[in-house]
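Report on one structure; see the data block that follows.
Throughout, protein chains are lettered first and strands after them, A, B, ... in sequence-line order, and every chain is numbered starting at 1. Source: prediction; values computed, not measured.
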Number of protein chains: 2
Amino acid sequence: MTPRGKQTVRDLRRSSRSTLLRHLYFHGPLSRQELGTATGLSAGSVSNVTGELLTDGLIEECGSVESDGGRPRILLRVAPGQAHLVGIDIGETQVRVTLFDLALTELASADQPLLAAHDPERVVRMIASGLDQVLTAAGVPAENVLGIGIGVPGIVEQGTGADPGADTVVYGQTFGWDAVPFGRMLREHTPLPLYVDNGAKTLGQAEMWFGAGRGSRHAVVALFGSGVGACVIADGVRFRGATSSAGEWGHTKVHVGGRPCRCGSRGCLEAYVGAEALVERWDGTVPGTSEKAGLAALLRAAEDGQPGAVALLDEAAELLGASIADLVNLFNPERIVIGGWAGLLLGPRLLPAIGEAATRHALAYPRSRTTITLSDLGPDAVTLGAATLPLTHFLDSGGEMPDHLAAVAAV
Amino acid sequence: MTPRGKQTVRDLRRSSRSTLLRHLYFHGPLSRQELGTATGLSAGSVSNVTGELLTDGLIEECGSVESDGGRPRILLRVAPGQAHLVGIDIGETQVRVTLFDLALTELASADQPLLAAHDPERVVRMIASGLDQVLTAAGVPAENVLGIGIGVPGIVEQGTGADPGADTVVYGQTFGWDAVPFGRMLREHTPLPLYVDNGAKTLGQAEMWFGAGRGSRHAVVALFGSGVGACVIADGVRFRGATSSAGEWGHTKVHVGGRPCRCGSRGCLEAYVGAEALVERWDGTVPGTSEKAGLAALLRAAEDGQPGAVALLDEAAELLGASIADLVNLFNPERIVIGGWAGLLLGPRLLPAIGEAATRHALAYPRSRTTITLSDLGPDAVTLGAATLPLTHFLDSGGEMPDHLAAVAAV
DNA sequence: AGACGTTAAATCTCGGCGTGAAGTAAGCAG
DNA sequence: CTGCTTACTTCACGCCGAGATTTAACGTCT
């Protein structure tokens, strides 16, 4: 059933390198000693592997800590400037390209407005020029970039071949993208490794690494914006499903046959509590026109005690709670994180009611093992999460520098 | 984020053994040659490892196939009688204990009726006596049994220690079991390795190994009986969630605030389409009394064109389709298998309508990648699926014979 | 200052692994 | 019986991690 590939003795080394690199990355500077006890590797192997990583320049010594009378421990850490990462957020209104170092501190950013036209070719050109901008701004040569992570709207079908990023196909209903060969188009502009995923999913990744999901292995990051989405993490890994489209929470039904939804079905969660739907139901605004202002107005009205607004938000909390209860029943997560701009805006007011509704609607046992919290990440989380895609690959491979260097040089 | 443990060079051998054993198990008799090309191992290693497995008695030679003029290929297969497995189904009305050989052919079975009293202590004693019965009936010594897989109703919290099966705790609302230390109680009667899981989940396992889920890596087995449950398989592995209770599909909402459900919430799927609910809505029968007959009567009435019955079944198909659409959106499976006794009974009539409703309610892209089929397993699938639990462990470990032999001998 | 104890890290030996090449076994055709 | 083809086995090699041993780097005590 689960055919794990064969392994040679060299894979052991890769695995050791990966384990040590990962541990150093997430648990700060550590001595070889601590590294050994933490990872279970013998002191000899730690010495051996760290020596290799040191000569590769992937890690570096950084000070020492005295030990009770003996030789001091030398601390090791991942060398942050040895390699770089690019995270890209293709949003509804702009394309944002950010360059990070290995420690994911931001080095340079380039925003480009994306008004009416969402022509794929145009977006790709904007990415290419943004890439140029951030690299020259930070003075980082392209061959130092481990890879480019991109968060796009819509469903992303991952490639499977030797260059999977270049085979990525995007189905973005909001952009009118239907089976756009996004990876292939990008590949014509850059030889760097490409990692494309849904923007909500990269946001979820950021939340798991640096936000409210930190420390949990099973979580659902619920994203509440114009639409509603979710990113499911199972056992520390994003749940993708057969074609990477798992987690489309917004079109789960809360009232079968109820309000019509833009997806063509009726009674979807999004048709009730998506920001677009809420604003429309509140003041009849035409969809798409300044949702953020409309939602803020709805929130102010509710805080002023206006009955219609209060009722609308109460209903939203009830439905969100019930639908979160579905997530609890189906995924049994340790934690549910509510994010997205609408979630951040309404969260402080709605969270207690949502939690209470979830308790009423979910099975008692899994609900008791779940906490529901608000996201605590800023607006740049999508690019950050996108950058974790190549970073994950880097750590998994034990710090393998991609062999695109030659390709970059050749271009 | 994903700390994979360290590995020593000996783990390689375990991995190779597991790969070969697995491949032989699922892809029938094969020659060493074919085994090598299929698994990617070199011919030398295949010879080496198969030699080891042969002397361990785990595999055996079985005939040969001529090759075009050259030395004939010697076929290898897993030795079916070398070890045995026990699968147990704790149902609403009986406890069934079945002994299998390694090829999962049934050797002996013992049924014991379980009427009103579902006292855990009594159930454990019935298991112990059933175990004795099947072992003596088949003449298999206890130390030949690799382990005991048990499907129980309710939520199962897996243990984590050195003897995880013995730390299993069961929360079975239908049986009135609240945090029953089921594993510990069983451990007092047998030293054999224990593997406990929810009965619906073991049924799902059986479906994936031998039923309609065969060949898919991402699937949802939807179980439709008195209640409604599901078993989610992601990438060939059962999706457990944080506390093994993932997949509680029956209490997802189809109409928030709708019909009251026995779980305490309202509008759950189970409150509309569970067999108990259907029968009650059809003829007002008190819950629990001969649901199967009631459901069959409902089906006959619908086939006779009785409007109430037709409407009820049409609504059930619509709701099931909508809720299956939720599963498609959230889990993005390749296949959805509808099983359970009620599913088998109503399936032939409802399947077209369910599929059509699912298409209307799910997102187009993931829906187009999913097929919805009926289960094709018999009523003994729960024990079969339960037996796959120790079998999976056996294959994963590369054919490790548990060291409980000493313990068995000592008892 | 120098010897000593203590702890950290490097080095070395050892058994074990899978690969790939070379060698052997087992059938068939002429 | 010879030669050919194919299946399998054996073996040298490079590499791995564990564990023991050695070296390094400090504080402290005399």
Nearest-Å distance, [atom1] ([X]) to [atom2] ([N])?
X	N	atom1	atom2	answer
Glu34(A)	dT7(C)	CD	P	15 Å
Ile74(A)	dT23(D)	CD1	C1'	13 Å
Arg73(B)	dC8(D)	CZ	C1'	12 Å

Which residues pass the salt bridge (Lys or Arg N to Asp or Glu O under 4.0 Å) test with [X], sequence neighbours left out?
X	result
Arg71(A)	none
Arg77(A)	Glu60(A)
Glu61(A)	Arg32(A)

Please list, chain by chain and in numerical order, all residues satisfying side chain to side chain donor-acceptor pair (under 3.5 Å) with Glu157(B), sequence neighbours excluded.
->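 Only Tyr365(A), Arg369(A), Tyr171(B) meet the side chain to side chain donor-acceptor pair (under 3.5 Å) criterion with Glu157(B).
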
For Tyr195(B), ring-ring contact (aromatic ring centres under 6.0 Å, His included) partners two or more places apart |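 For Tyr195(B) the ring-ring contact (aromatic ring centres under 6.0 Å, His included) partners, ignoring immediate neighbours, are His393(B).
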
Quick one: do Asp163(A) and Arg187(A) make a salt bridge, cutoff under 4.0 Å?
->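 A salt bridge links Asp163(A) with Arg187(A).
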
Using a cut-off of 4.0 Å between protein heavy atoms and nucleotide atoms, how would you tag nucleotides 17-30 of chain C 5' to 3' with B, S and -?
-> SSB-----BBBS--

Does OP1 or OP2 of dA7(D) have a side-chain N or O of Arg32(B) closer than 4.0 Å?
->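 So the side-chain polar atoms of Arg32(B) never come under 4.0 Å of the phosphate oxygens OP1 or OP2 of dA7(D).
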
